[in-house]
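Structure first, then comments.
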Amino acid sequence: MFFNSLTRSGLKCLGLSLALGIFLSSCWGPDEPAPLPSMPLISIGFEDEIQNEGIMPVIFRGDGHVSYTEGVSGKALDLSHTSKYRKPVVLAKDHHSNITDYPGITVLLWVRLSPDDFNHYTILSQKDEFEDFEPLGWSLSTGINGSWSWWMSDGIHQTHYRPTPGRQAINDGEWHLLGFSIDFDTQEARLFYDGMNVAVYSLQQEDFRFFEQALFLGADPFSADPVLDTFNGTVDDLTVWSRVLSPGQVDALYQQYKSSKAPLYKNMPDSLTIMNWNIWGGGMREGRFVGVKRVAEIIRSSGADLISMQETFASGPLIADMLGFYFYQRSDGLSVLSRYPLGETYNIYRSRVSGAITVELPEDNRTVFCPVYLSYLPNNGPMIMSGKAVADSVVVREMETRGSEMRYIVWELQSLVDRNDQVPLILAGDFNSGSHLDWTEANRQNRYDLVIDYPATRILDNAGFVDSYRQIYPDEVAHPGFTWSPRFREVLHDRVNFVFYNGSRVAPSWANIIDTHPLGFPSDHGALVVSFKWEK
């Protein structure tokens, strides 16, 4: 069916290049979809039979007495309540083929879920047992109230993506393309819904051997009763590639049958508005949904295009879907939300502390965005407020954690800074410490009679990064810019959230702190918002 679908799409200009895995660029104009990828390892189209048209030898179990129905094109595997035969199908690969020998993998399939069934079902999965630990593997499943979900674990570390039916439904009677890619070298996952790369995840997994296990279509491999737990829906065009497909290639596969859903930004924006916000415990302190809803409302009203978010936890996909944004999770507590598509990532220092990702802007422009979340220890606030602190002692304590972390971050960012001045680098984060530009001689009377050369900000300053808020408001006395804390009075109020930048193409035009909401502010940190204008 894979090759039939290519023919139906009119891609006859491929010729011999398909067999070689090469595509002729002259077949596509500048406004057409990206070239389709070449032959996959597995390609199953369910045209009244189950057989692999890919290049990997596959052994099937459960492929006899199977029901079929109308597919996204041609026939599809029918596991719905209207089918006569409902049971999972197992695909076992040849023992001589090792998927983990390849640089990466991409898995895609078309799905249509029965509209009135909100039970949890596994649609596609590979799993293995891990002695003394949880099962390891991955699964694509039905999600919350008609959406979908993705899970992966190596038995120790788990990653779970749970989008919302408001943006990513699969039970609306339509066919939807779901899938993911894994880059084994960079340990990165990209998740796809209807051709869009909706999310990017840095993985902590150290063992991907579960990709060598049998592939279960229609039920969980560890289900006690696979027929009882069989997916109530239909499946078409299951494909597995031995590499990471680009978002453009995935969108091209989607556009064989449907119009692209990805928003098209044709013109370069005049400005780029950045937010840094620690949303405090997933933003749920005002309610599991209410608090998260208020976080999304504040972000939307701010006009932010890019958000560096700390303490995101499980709320990230929900907030991203509320905003219609792309989502990048570097770790449970550190993420990025973006109005614009997300490109190449960089594993800067430790995943819980920092990362970097390319944001793809219109007209082939881009910026590198670096989210940061420095250590919350040591807590120097009580010591400073006691009046007994010595500036040098504070600096020494800061260097043991936050200063040291920032030093490593700057070292690893240097190659990106030096690479291309036309690609600005914006760093936004919760530093959990003050700034050397605030704790100055001029501001001593407001800072417990202390002048502190805070190392985290000083290291950035020495590396050529500019504090955007202090550039706009150079008077530290008149504009303290406190972000810690709008909820607590008896703490050391300070500016601990920052947006720094490096590069000549952007310059900050305005900045403000958001720390109120008419119904109750959902975080213990104020949100810093800085808008940058693009220089010609």
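Count residues from 1 along the sequence.
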>> Between Ser338 (side chain only) and Pro341 (backbone N and O only), is there a donor and an acceptor less than 3.5 Å apart?
In response: no

> So which of Leu342, Thr345, Thr367, Val368 actually passes side-chain contact (heavy atoms from CB on, under 4.5 Å) with Thr358?
Replying inline: Val368

>> Within a 6.0 Å radius of atom CG on Asp364, are there more than 12 heavy atoms belonging to other residues, nucleotides or ligands?
In response: no

> Who pairs with Pro269 by side-chain contact (heavy atoms from CB on, under 4.5 Å), at least two apart in sequence or on another chain?
Replying inline: Tyr340, Pro362

> With a 4.5 Å heavy-atom cut-off, do Val90 and Leu217 have their side chains touching?
Replying inline: no

>> Would you say Ser80 and Asp78 are linked by a side-chain donor-acceptor pair, where the criterion is simply a distance under 3.5 Å?
In response: yes

> Are any of the side-chain heavy atoms of Gln51 and Ile44 separated by less than 4.5 Å?
Replying inline: no

>> Quick check for you: to the nearest 0.5 Å, what is the distance between Ile274 atom CD1 and Ile426 atom CD1?
In response: 4.0 Å

> Do Val58 and Ile42 come within less than 4.5 Å of each other through their side chains, counting heavy atoms only?
Replying inline: yes

> Has the side chain of Ser114 got a donor or acceptor atom that lies under 3.5 Å from a matching backbone atom of Asn232?
Replying inline: yes

>> A quick test of your reading: do over 12 heavy atoms of other residues, nucleotides or ligands sit less than 6.0 Å from CD of Gln158?
In response: yes

> Which distance, rounded to the nearest 0.5 Å, do you find between the CD1 of Ile279 and the OG1 of Thr312?
Replying inline: 5.0 Å

>> Assess the residue pair Val372 and Asp430 against the criterion (side chain to side chain contact (heavy atoms under 4.5 Å, CB included)); give the C-alpha distance rounded to whole Å, side-chain angles, the decisive distance to 0.1 Å, and a yes or no.
In response: CA-CA 6 Å; Val372 169; Asp430 176 4; over 6 Å; no

> Is the closest side-chain donor-acceptor distance between Asn197 and Tyr193 under 3.5 Å?
Replying inline: no

>> Suppose we screen for side-chain contact (heavy atoms from CB on, under 4.5 Å). Which residues come up paired with Ser141, at least two apart in sequence or across chains?
In response: His120, Thr122, Ser139, Ser149

>> What verdict does the side chain to side chain contact (heavy atoms under 4.5 Å, CB included) test give for Leu124 and Leu215, after you've listed the backbone C-alpha separation in whole Å, the side-chain angles of each residue and the deciding distance to 0.1 Å?
In response: CA-CA 7 Å; Leu124 186 68; Leu215 192 66; 3.8 Å; yes

>> If we check side-chain contact (heavy atoms from CB on, under 4.5 Å) with Tyr201, which of these qualifies: Arg190, Arg330, Met152, Gln329?
In response: Gln329

> Is a side-chain donor-acceptor pair under 3.5 Å present for Tyr373 with Glu311?
Replying inline: yes

> Would you say the ring centroid of Tyr328 lies under 6.0 angstrom from that of Phe369?
Replying inline: no

>> Please check: side-chain N/O of Ser308 versus main-chain N/O of Asn276, any donor-acceptor pairing under 3.5 Å?
In response: no

> Side-chain donor-acceptor pair under 3.5 Å between Asp220 and Tyr121, yes or no?
Replying inline: no

> Okay, side chain of Gln310, backbone of Gly429: is any donor-acceptor separation there less than 3.5 Å?
Replying inline: no

> Please walk me through it: do Ser351 and Ser331 pass side-chain hydrogen bond (donor to acceptor under 3.5 Å, both in side chains)?
Replying inline: CA-CA 6 Å; Ser351 60; Ser331 63; 5.2 Å; no

>> Taking the side chain as everything from C-beta on, heavy atoms only, tell me whether Lys93 gets closer than 4.5 Å to Asn98.
In response: yes

> When rounded to the nearest 0.5 angstrom, what is the spacing between CD1 in Ile105 and CZ in Arg243?
Replying inline: 11.5 Å

>> For Phe211, is there any backbone N or O sitting under 3.5 Å from a side-chain donor or acceptor partner on Gln126?
In response: yes

> To the nearest 0.5 Å, how far apart are CE in Met56 and OG in Ser97?
Replying inline: 4.5 Å

>> Distance alone, cut at 3.5 Å: any donor-acceptor contact between the side chains of Gln256 and Tyr254?
In response: no

>> Please determine whether the number of non-hydrogen atoms from other residues, nucleotides or ligands lying under 6.0 Å from atom CZ of Phe118 exceeds 12.
In response: yes

>> Distance alone, cut at 3.5 Å: any donor-acceptor contact between the side chains of Trp148 and Gln168?
In response: yes

> Under 3.5 Å, is there a donor-acceptor pair linking the side chains of Gln187 and Asn347?
Replying inline: no

> Centroid-to-centroid, Tyr102 to Trp241, below 6.0 Å?
Replying inline: no

> With a cut-off of 6.0 Å (strictly less than), are more than 12 heavy atoms of other residues, nucleotides or ligands near CZ of Arg288?
Replying inline: no

>> Is it true that, when you exclude Phe313 itself, more than 12 heavy atoms of the residues, nucleotides or ligands shown sit nearer than 6.0 Å to its CZ?
In response: yes

>> Once salt bridge (Lys or Arg N to Asp or Glu O under 4.0 Å) is applied, do any residues pair with Asp321, and if so which ones, sequence neighbours excluded?
In response: Arg167

>> Between Arg300 and Leu323, is there a side-chain heavy-atom distance shorter than 4.5 Å?
In response: yes

>> How close do Ala304 and Arg339 get, counting heavy atoms only, and between which atoms?
In response: O-NH2, 3.1 Å

> Would Met309 and Ile319 satisfy side chain to side chain contact (heavy atoms under 4.5 Å, CB included), going step by step from the backbone distance to the final call?
Replying inline: CA-CA 11 Å; Met309 185 174 288; Ile319 298 170; 4.2 Å; yes

> Quick one: are the ring centres of Tyr349 and Trp411 less than 6.0 Å apart?
Replying inline: no

> Can a cation-pi geometry be assigned to Lys258 and Trp110, taking NZ or CZ under 6.0 Å from the six-membered ring centre and within 45° of the ring axis?
Replying inline: no

> Are Phe46 and Asp236 close enough, and set up right, to give a side chain to side chain contact (heavy atoms under 4.5 Å, CB included), and what steps lead you there?
Replying inline: CA-CA 7 Å; Phe46 308 107; Asp236 203 358; 4.0 Å; yes

